[in-house]
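This report concerns only the one structure given below.
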Amino acid sequence: MTMNSNRTSDDLLQLLTELEKPEIQESLKSLLHYLPNIQKSVEVVENVLDFGKSVFQDEQALNKYEHLASTYNMNLETIEAGIVLIEKLPKLVKMLEQVENLIDFTTAVLQDKQTTEYAAASMKGYIDPIIQKGNKGKKLWQEVQQQVSSNTQPVKIMSIIKWMKDPTVQKVLQYVQATLEVLNNKKK
Amino acid sequence: MKTSFKVVIVGGGTAGISVAARLLRKSHSLSEDIAIVDPANKHYYQPLWTLVGGGAAKKENSEREMESVIPQGATWIQAAVQSFTPEHNQIYLNNGEILSYEYLVVAGGIEINWNAIKGLKEALGTKQVCSNYSFEHVDYTWETIRSFKGGTALFTHPASPVKCGGAPQKIMHLAEDYFWKTGVRENVKVVFGSANPAIFDVIKYRLALEKVIERKNIDARFLRNLIEIRPDEKLAIFENLDTQETEEISYDMIHVTPYMQAPAFIKDSPLADENGWVDVNMYTLQHVRYANIFGLGDGANLPTSKTGAAIRKQAPVVAENVISLMRQKPVTAKYNGYSSCPIVTGYNKLILAEFDYSKEPDESMPFNQAVERASMYVMKKDLLPIMYWDGMLKGTM
């Protein structure tokens with residue numbers, strides 16, 4: 001009993017010593033100052049807890065949400081997939097950023113009049129010579145057709161011998177000869 | 001006018017615009033809090049000038065209004081920087097205003113010194129003295145090449161850092177090719193007077209280019225530094241960097257690559273190293289003395305070739321590291337010294353050199369890039385300009 005009362009007196013003394021310290025007094029003053037706010041915060045927490053408690057006690061509401069959740073295909077597999085997805089997010093974000101950059105670049109190109117004109121001019125530079133070649137070939141063929149339709153004379157054997165001397169015919173014949181040789185070698 | 005910004009970017013060139021666009025994409029909160037300081041009205045895509053000089057592109061396609069390339073959300077302050085006070089996070093402008101920043105990105109570029117070669121400035125654009133390094137005079141290069149009928153065609157490379165180290169020889173290859181096309185090649189002696197010790201720094205491409213030089217019968221003279229032009233006598237005076245003696249070469253046309261240097265406002269600032277370039281860590285691009293300052297582009301003291309392609313790899317590093325600092329995270333993004341030089345070796349031919357700090361090839365194509373290819377020429381001529389205007393400057397490429 002005496003030991004216990006001694007301990008209480010010691011504790012009180014220690015408490016009083018602490019309370020005499022100016023920094024403790026300052027802290028207490030500050031704490032008192034904030035007390036209304038703290039009280040409000042505690043009330044808010046209390047309200048949240050009460051709300052949670054009420055929800056859990058409201059069987060009707062619980063059943064409703066349980067029913068709603070059951071309409072989704074949520075199972076352990078889904079939860080596992082969610083975790084795997086979170087794990088892959090850094091890589092996916094990088095890939096998405098690249099796709100985003102590509103989309104933004106394409107949009108910028110399409111909206112940039114100077115660029116589209118530049119690209120069109122470049123394309124024209126490559127396409128024009130092909131068209132010109134095509135036109136040239138077309139003209140040549142038209143000329144040939146015209147000559148054929150205007151020439152009613154039969155082709156003589158002397159004309160054919162004359163053609164043989166023509167370098168273009170010679171070149172074609174050389175190709176024919178070379179092809180035949182290659183084919184014969186393959187047969188062997 | 002707002003005078004305090006979260007980020008101030010000095011320079012509205014390739015590097016400055018790219019970083020601004022990337023920062024704005026990374027953090028929308030920076031909208032209206034980024035300033036780009038540049039006095040110029042126009043923005044140029046200079047890599048096209050090689051082709052303009054060779055008659056393969058129009059110079060109008062290399063020029064846009066500065067206003068049109070400023071990213072949405074950035075404020076363009078049309079003024080020149082007079083001085084920096086990094087201790088107070090401020091820069092002084094030539095219009096008397098002072099800008100405050102939390103983070104500073106210095107992308108001031110490289111300056112051409114037309115006066116460093118005696119007689120050049122006065123002769124430029126006349127008497128067959130041409131240079132691709134000026135928007136104003138680049139047309140004269142083409143005029144000179146296409147009207148050339150014979151004699152000595154001289155091309156030079158100075159004893160100074162240059163923007164795109166391969167450019168001085170690109171125009172020579174185009175001209176040489178054109179001389180063949182017009183049937184005058186046999187009357188032309190093509191001479192390359194370069195202050196460099198070899199045709200290219202990276203061995204793989206050097207070997208390929210040496211073969212090109214040999215095939216084209218080009219008289220390449222190394223360690224020759226052009227110091228004077230006498231246009232009336234059509235005489236170029238070189239200093240032999242080996243013997244220190246002067247040598248004269250008579251020419252009938254000359255394409256000059258001028259001296260280039262760090263801009264004065266950087267050179268004389270506390271941000272510069274002993275050579276006048278912005279003193280940055282070669283990997284993080286953060287200033288070595290001021291943690292909230294970054295530098296990139298031609299104006300930074302990075303031991304790699306000064307090219308737009310290098311900036312394409314530097315800009316994401318700067319943007320990421322600035323954002324990291326803002327989020328109080330360590331700067332971890334690193335630049336490996338990547339640079340690229342599409343060396344045009346003729347109309348429809350190109351060697352795509354790509355390399356890093358180690359001067360080893362760092363190629364992005366699945367084939368040998370030391371081979372001259374038409375596909376790579378098409379890429380330079382038709383695709384790169386589009387990628388530049390709508391990709392790089394928008395922060396997506």
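Values reported hereafter were calculated over all heavy atoms of this structure, with side chains retained and with hydrogens, waters and symmetry mates removed. Just so we're on the same page: letters track the sequence lines, and every chain starts at 1.
Close approach to chain A, defined as a heavy atom under 4.5 Å from one of its heavy atoms, is seen in B:Leu48, B:Asn61, B:Glu63, B:Arg64 of residues 41-69 of chain B, taken by number. Listed in order of number, the residues of residues 101-110 of chain A that approach chain B to under 4.5 Å between heavy atoms are A:Asn101, A:Asp104, A:Phe105, A:Ala108, A:Val109. Close approach to chain B, defined as a heavy atom under 4.5 Å from one of its heavy atoms, is seen in A:Tyr118, A:Ala119, A:Ser122, A:Tyr126 of residues 118-132 of chain A, taken by number.
No more than 12 heavy-atom neighbours from other residues, nucleotides or ligands sit within 6.0 angstrom of CD on A:Glu66. Around atom CD of A:Gln147, no more than 12 heavy atoms belonging to other residues, nucleotides or ligands sit under 6.0 Å away. The environment of B:Phe367 atom CZ is dense: over 12 non-hydrogen atoms of other residues, nucleotides or ligands sit within 6.0 angstrom. Other residues, nucleotides and ligands place no more than 12 heavy atoms under 6.0 Å from the OH atom of B:Tyr283. Counting non-hydrogen atoms of neighbouring residues, nucleotides and ligands closer than 6.0 angstrom, the CD atom of A:Glu77 reaches no more than 12 such neighbours. Environment of CD in B:Gln72: sparse, with no more than 12 heavy atoms of neighbouring residues, nucleotides or ligands closer than 6.0 Å. With a 6.0 Å radius and a threshold of 12 heavy atoms from other residues, nucleotides or ligands, A:Glu23 has its CD atom above the threshold.
With sequence neighbours excluded, the residues forming a side-chain hydrogen bond (donor to acceptor under 3.5 Å, both in side chains) with A:Thr168 are A:Asp166, listed by chain and number.
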